[in-house]
Amino acid sequence: MPELPEVETVRRGLQPFMEGATILAVEQRRPNLRFPFPDRFAERLTGRRIEALERRAKYLILHLDDGLGVISHLGMSGSYRIEQGEAAQAPGNFTHERSKNALHDHVVLRLGGKDGQTSSIIYNDPRRFGFMLFAEPGQLNTHPLLKGLGTEPTGNRLDGALLARLFHNKAAPLKAALLDQRLIAGLGNIYVCEALWRAELSPLRPARSITGPDGASTENTERLATLIRSVIADAIAAGGSSLKDYRQADGELGYFQHSFSVYDREGAPCPRTGCNGTVSRIVQSGRSTFYCPVCQH
DNA sequence: CGATCCACCTGTCGGC
DNA sequence: TGCCGACAGGTGGATC
């Protein structure tokens, strides 16, 4: 269930195991996910040291000691889990009571940490919309999947003035504009719905209608920018709090159980104090939008 | 060019 | 119970 906050939560969970670790072995169990694995995938990873694990938008990027970049995207259903100890010693041994979920374990990385501990990092992805690709040394910034990405909604670069510039002359509905990764990178269906609800803005409204003439900042762009940042920050903070038990009994990386104001709450009363509206579900660009038609204008 | 749709997959859930 | 359709957190690529 990965939007930016979930991917950041995964990154924080993997980082202590990955950074500084050496890749001892790689098991690639099928030829492709959404895309074919790169040629010599396992071979080029084996023996390398992982220098850093970075997140950009919804992508995870491993930086290896020979300059190779590994770009990992979780798609709709991808997840990583960490196994330590005996269970991790036998990748491929899933014949006994290992759940049928193991059917979708597509990649296993055996790591030797700087502390001498070994671990297995397992990528699972039932729908296989995720992928792993290489960026050759020095090519990360020009990689086709990364070069067009817009501004991160973390930090302070996303403000009302930037949003106004991005949306100036955009006829597309706010919902579609906020999902456009070339404008803001990392927002997905859930947090777009939640941010628009917080900002009391209708997802149907043309993006350009909240900017001033000539793309000037307005109260609306200021408020929306602020609330996008806060919803993402809140979600990351909540995901982070679930990190303490990232390794559950089954070894699954647990996602924070979000409680949403509108997402997936069709028919529920609008939670805004003083609003007597009901959460609606409509379809925009083929995807569900949840919003309150009473207080979002 | 920009804006819109579809395709890619498997799993789950609700209705009959 | 079983079957069937709708739907799911994303995005590259085809098409207009």
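Here the structure is a predicted model, which is why all the values come from computation and not from measurement.
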Look at the side-chain N and O atoms of A:H104 and state whether any lies under 4.0 Å from the OP1 or OP2 oxygen of B:dG11. yes
How is A:R281 classified with respect to the nucleic acid when contacts are heavy atoms under 4.0 Å: base, sugar-phosphate, or nothing? sugar-phosphate
Does A:E152 pair with A:R55 as a salt bridge, N-O distance under 4.0 Å? yes
Atom pairs under 3.5 Å: protein N/O with N/O of nucleotides 10-16 of chain C:
{"unit_1": "C:dG10", "atom_1": "OP1", "unit_2": "A:K58", "atom_2": "NZ", "d": "2.8"}
{"unit_1": "C:dG10", "atom_1": "OP2", "unit_2": "A:N189", "atom_2": "N", "d": "3.2"}
{"unit_1": "C:dG10", "atom_1": "OP2", "unit_2": "A:R287", "atom_2": "NH1", "d": "3.1"}
{"unit_1": "C:dG10", "atom_1": "OP2", "unit_2": "A:R287", "atom_2": "NH2", "d": "2.4"}
{"unit_1": "C:dG10", "atom_1": "O3'", "unit_2": "A:H73", "atom_2": "NE2", "d": "3.4"}
{"unit_1": "C:dT11", "atom_1": "OP1", "unit_2": "A:H73", "atom_2": "NE2", "d": "2.8"}
{"unit_1": "C:dT11", "atom_1": "OP2", "unit_2": "A:K58", "atom_2": "NZ", "d": "3.0"}
{"unit_1": "C:dT11", "atom_1": "O2", "unit_2": "A:R34", "atom_2": "NH1", "d": "3.4"}
{"unit_1": "C:dT11", "atom_1": "O2", "unit_2": "A:R34", "atom_2": "NH2", "d": "3.3"}
{"unit_1": "C:dG12", "atom_1": "OP1", "unit_2": "A:Y59", "atom_2": "OH", "d": "2.9"}
{"unit_1": "C:dG12", "atom_1": "O4'", "unit_2": "A:R34", "atom_2": "NH2", "d": "2.8"}

Only counting residues at least two apart or in another chain, list the ones meeting ring pair (Phe, Tyr, Trp, His ring centres under 6.0 Å) with A:F290. A:Y263
Residue set satisfying side chain to side chain contact (heavy atoms under 4.5 Å, CB included) with A:A161, at least two apart, ordered chain then number -> A:D159, A:R165, A:S217
Report the residues that fulfil salt bridge (charged side-chain N to carboxylate O under 4.0 Å, His left out) with A:E51, sequence neighbours left out, ordered by chain and then residue number. A:R49
Which ILVMFWY residues are connected to A:L204, directly or by a chain of links, through side-chain heavy atoms under 4.5 Å apart? A:I282, A:Y291
Watson-Crick and G-U pairing of DNA chain C written in dot-bracket, each distance under 3.5 angstrom, with | for inter-strand partners: .|||||||.|||||||
Please state how far atom NZ in A:K175 lies from atom P in B:dT4, giving the value in whole angstrom units. 13 Å
Distance between P atoms of B:dC6 and C:dA6 (Å, rounded): 14 Å
Which residue pairs pass the side chain to side chain donor-acceptor pair (under 3.5 Å) test when at least one of the two sits in residues 132-147 of chain A, sequence neighbours left out? A:R44-A:E136
Under 3.5 Å donor-acceptor pairs involving side-chain atoms of residues 230-237 of chain A, not counting sequence neighbours:
{"unit_1": "A:S230", "atom_1": "OG", "unit_2": "A:R198", "atom_2": "NH1", "d": "3.1"}
{"unit_1": "A:S230", "atom_1": "OG", "unit_2": "A:L227", "atom_2": "O", "d": "3.1"}
{"unit_1": "A:D234", "atom_1": "OD2", "unit_2": "A:R198", "atom_2": "NH1", "d": "3.0"}
{"unit_1": "A:D234", "atom_1": "OD2", "unit_2": "A:R198", "atom_2": "NH2", "d": "3.2"}

Taken to the nearest whole Å, CG/A:D264 to P/B:dG14 is 11 Å
Euclidean distance, atom NE2 of residue A:H106 to atom C1' of B:dC8 [Å, nearest integer]: 13 Å
What's A:S288 touching, base or sugar-phosphate or nothing? Going by heavy atoms closer than 4.0 Å. sugar-phosphate
Ring pair (Phe, Tyr, Trp, His ring centres under 6.0 Å) partners of A:F131, counting only residues at least two apart: A:F35, A:H73
Whole angstrom is fine here: how far is it from CZ in A:R128 over to P in B:dA7? 18 Å
For B:dA3, does either OP1 or OP2 sit under 4.0 Å from a side-chain N or O belonging to A:K170? yes
A:E83 with A:R81: basic N within carboxylate O range, under 4.0 Å: yes
Atom CG of A:N32 to atom P of B:dT10: distance rounded to whole Å? 11 Å
Rounded interatomic separation in angstrom, taking CG from A:L174 and P from B:dA3: 14 Å
